[in-house]
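Have a look at the structure below, then the notes.
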2 protein chains.
Amino acid sequence: MLTVSTVNVNGLRAAAKKGFVEWLGETGADIICMQETRAEPEQLTAEVREPEGWHTNLAPSSAKGRSGVAIYSRAEPQAVRVGFGSSEFDDSGRYLEADFAGLTVASLYLPSGEVGTDRQDEKERFMKEFGEYLAGLRERATSQGREVLVCGDWNIAHQEADLKNWKANRKNAGFLPEERSWMTDVLNGGYVDVVRSLHPEGPGPYSWWSYRGKAFDNDSGWRIDYHFATPGLADRATSAVVERAPTYAERWSDHAPVTVTYAR
Amino acid sequence: MLTVSTVNVNGLRAAAKKGFVEWLGETGADIICMQETRAEPEQLTAEVREPEGWHTNLAPSSAKGRSGVAIYSRAEPQAVRVGFGSSEFDDSGRYLEADFAGLTVASLYLPSGEVGTDRQDEKERFMKEFGEYLAGLRERATSQGREVLVCGDWNIAHQEADLKNWKANRKNAGFLPEERSWMTDVLNGGYVDVVRSLHPEGPGPYSWWSYRGKAFDNDSGWRIDYHFATPGLADRATSAVVERAPTYAERWSDHAPVTVTYAR
DNA sequence: CTTGGTAGG
DNA sequence: CCTATCAAG
């Protein structure tokens with residue numbers, strides 16, 4: 001059994017003060033993919049930087065306080081790689097890969113974008129480049145008998161069931177037709193949306209609720225945090241849960257951990 | 001009887017959330033001079049912007065979130081003037097005057113400075129220009145049978161008794177020889193340091209304690225908030241108190257109100 | 001250590 | 001609404 005969690009922590013330092021440390025102590029996960037750590041390793045306290053029983057690998061952004069991904073694992077990875085071979089994005093704290101026995105796990109933080117801004121252009125450039133990388137990654141892995149699991153915050157809701165208010169969001173970044181069809185292409189290229197595969201019925205489960213307004217209390221969420229796995233691994237998924245906090249006050253991020261257990 | 005308080009609120013919005021509103025409701029002051037309001041009037045809630053029973057006059061800085069002075073009074077001022085005729089400083093939220101019957105009250109926020117920086121040069125320019133203004137103000141007022149009271153954060157400790165650790169601060173902004181002698185010149189020009197006059201024995205009473213370290217708990221403070229009054233008014237001062245909060249947690253600013261009662 | 005602005009989400 | 005950086009104090 002292998003349990004993998006992915007969670008956008010929205011600032012690891014802030015999360016640590018609000019309950020992340022307790023969650024880390026109690027989780028049954030073997031591997032945790034984090035996004036938006038928003039910190040240099042040196043800025044973290046020891047209990048977050050080097051928690052007992054964990055191997056930690058962090059890929060901060062070259063822009064201080066922005067983005068940043070990490071992979072924490074109980075077993076030591078055989079290898080770790082930062083970035084996906086992109087001159088534009090490799091130092092932006094958006095992609096980190098770790099190899100374990102027969103399995104490559106990645107932590108992804110796809111740019112969030114906003115229609116009509118430079119950041120949407122950036123998101124599109126990332127999607128194009130990263131989509132090509134994903135295809136190659138799957139091919140190499142498959143030919144080596146290795147499975148691939150790309151976890152993270154993709155900042156795209158794929159289908160209507162993946163966000164509470166899809167009609168109002170058809171022209172908003174995160175649910176644009178071109179973003180959705182890009183994600184369809186990724187899936188058609190040999191990846192499985194593990195949570196949706198185990199829970200074919202929507203709506204949800206959502207993994208992100210805006211801090212604005214009453215989004216959390218109204219469960220006005222989006223499912224933008226995914227496990228995308230090669231089919232051999234996806235077939236071994238036995239359970240998937242979104243660890244939504246019971247109350248607003250108990251949250252330590254605007255995202256909830258998405259946790260999947262895979263049979264060995 | 002006329003009671004006048006002066007207090008650097010260190011952000012009126014922050015202070016309002018921490019106890020300023022309660023203090024305003026309980027104070028016996030007739031006039032309050034404030035410094036570092038750090039807000040546009042429109043950014044304030046109604047209970048702070050227009051508290052019942054008060055006439056409020058604010059002089060924000062043209063630089064958002066910086067400086068800003070105000071005068072709140074139970075009686076409506078006969079006239080209010082922003083600035084002291086300085087092209088450099090009049091829109092910087094550092095000086096506001098209000099006329100009452102036979103009395104001009106001013107709220108001053110003198111630049112704070114730091115040795116070896118541009119901001120110390122700015123402080124020195126302000127001191128020079130403002131010192132000349134003060135002399136003229138006193139002359140005009142006296143010739144009209146009017147008293148003057150300049151309250152505020154002068155960002156200078158005058159004498160050794162005016163700060164806890166004067167020896168260590170002889171080369172620091174706020175206790176430099178040139179700043180101290182400038183203040184002596186102001187006093188020799190016809191103003192009285194009212195609190196020191198009522199409390200000739202130091203050390204203290206301090207009116208500011210840094211948020212850094214344990215300054216408040218150790219009473220490692222500075223007396224930099226003053227009532228400078230023309231002699232006729234200073235002679236009528238009957239009591240002076242610094243309203244130091246009982247505990248760190250009860251503070252709503254790093255400064256405490258300096259409150260003086262004047263006989264009629 | 002604290003405030004408020006600002007960028008980013 | 002929340003997390004950061006930054007300038008200022």
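Below, read A as the first sequence line, B as the second, and so on, with proteins coming before strands; counting in each chain starts at 1.
With sequence neighbours excluded, the residues satisfying side-chain contact (heavy atoms from CB on, under 4.5 Å) with Ala39(A) are Arg13(A), Gln43(A), Leu44(A). Contacts of Trp252(B) classified as ring pair (Phe, Tyr, Trp, His ring centres under 6.0 Å), with partners at least two apart in sequence or in another chain: Phe20(B), Trp23(B). Tyr133(A) meets the ring pair (Phe, Tyr, Trp, His ring centres under 6.0 Å) test with Phe84(A), Tyr95(A); sequence neighbours excluded. Looking at residues two or more places apart in sequence or on another chain, you find a side-chain contact (heavy atoms from CB on, under 4.5 Å) between Thr259(B) and Thr3(B), Ser5(B), Val241(B), Glu243(B), Pro257(B).
The CD-P distance, from Gln120(B) to dG9(D), rounds to 11 Å in whole Å. If you take CD of Glu40(A) and C1' of dT3(D), they are 15 Å apart, rounded to a whole angstrom. Atom CH2 in Trp208(A) sits roughly 13 Å away from atom P in dC2(D) (whole-Å rounding). The distance from atom CZ of Arg66(B) to atom P of dG9(D) is 7 Å, rounded to the nearest whole Å. As rounded to whole Å, 15 Å separates atom P of dA8(D) from atom NZ of Lys123(B). Rounded to a whole Å, the CG atom of Asn218(A) is 14 Å from the C1' atom of dC1(D). Residue Lys64(A) contributes atom NZ, which lies 17 Å from atom P of dG8(C) at whole-angstrom precision. Computed from coordinates, the Asn172(B) CG to dG9(D) P distance equals 15 Å when rounded to whole Å.
Glu114(A) comes within 4.0 angstrom of no nucleic acid atom, judged by non-hydrogen atoms across all strands. The residue Gln43(A) sits close only to the backbone: its heavy atoms come under 4.0 Å of sugar-phosphate atoms, none of a base.
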Check residues 163-176 of chain B and write down every donor-acceptor pair under 3.5 Å in which the side-chain atom is one partner and the other belongs to a residue at least two apart or another chain.
unit_1: Lys164(B); atom_1: NZ; unit_2: Asn218(B); atom_2: O; d: 2.8
unit_1: Asn169(B); atom_1: ND2; unit_2: Asn165(B); atom_2: O; d: 2.9
unit_1: Arg170(B); atom_1: NE; unit_2: Lys167(B); atom_2: O; d: 3.0

Please list, for nucleotides 1-3 of chain C, all pairs of protein and nucleotide N/O atoms separated by less than 3.5 Å.
unit_1: dC1(C); atom_1: O4'; unit_2: Tyr211(B); atom_2: O; d: 3.2
unit_1: dT2(C); atom_1: OP1; unit_2: Tyr248(B); atom_2: OH; d: 2.8
unit_1: dT3(C); atom_1: OP1; unit_2: Lys18(B); atom_2: NZ; d: 2.9
unit_1: dT3(C); atom_1: O2; unit_2: Arg38(B); atom_2: NH2; d: 2.7

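In this structure, Arg251(A) forms a cation-pi arrangement with Tyr248(A), its terminal cationic atom sitting closer than 6.0 Å to the ring centre and no more than 45° off the ring axis.
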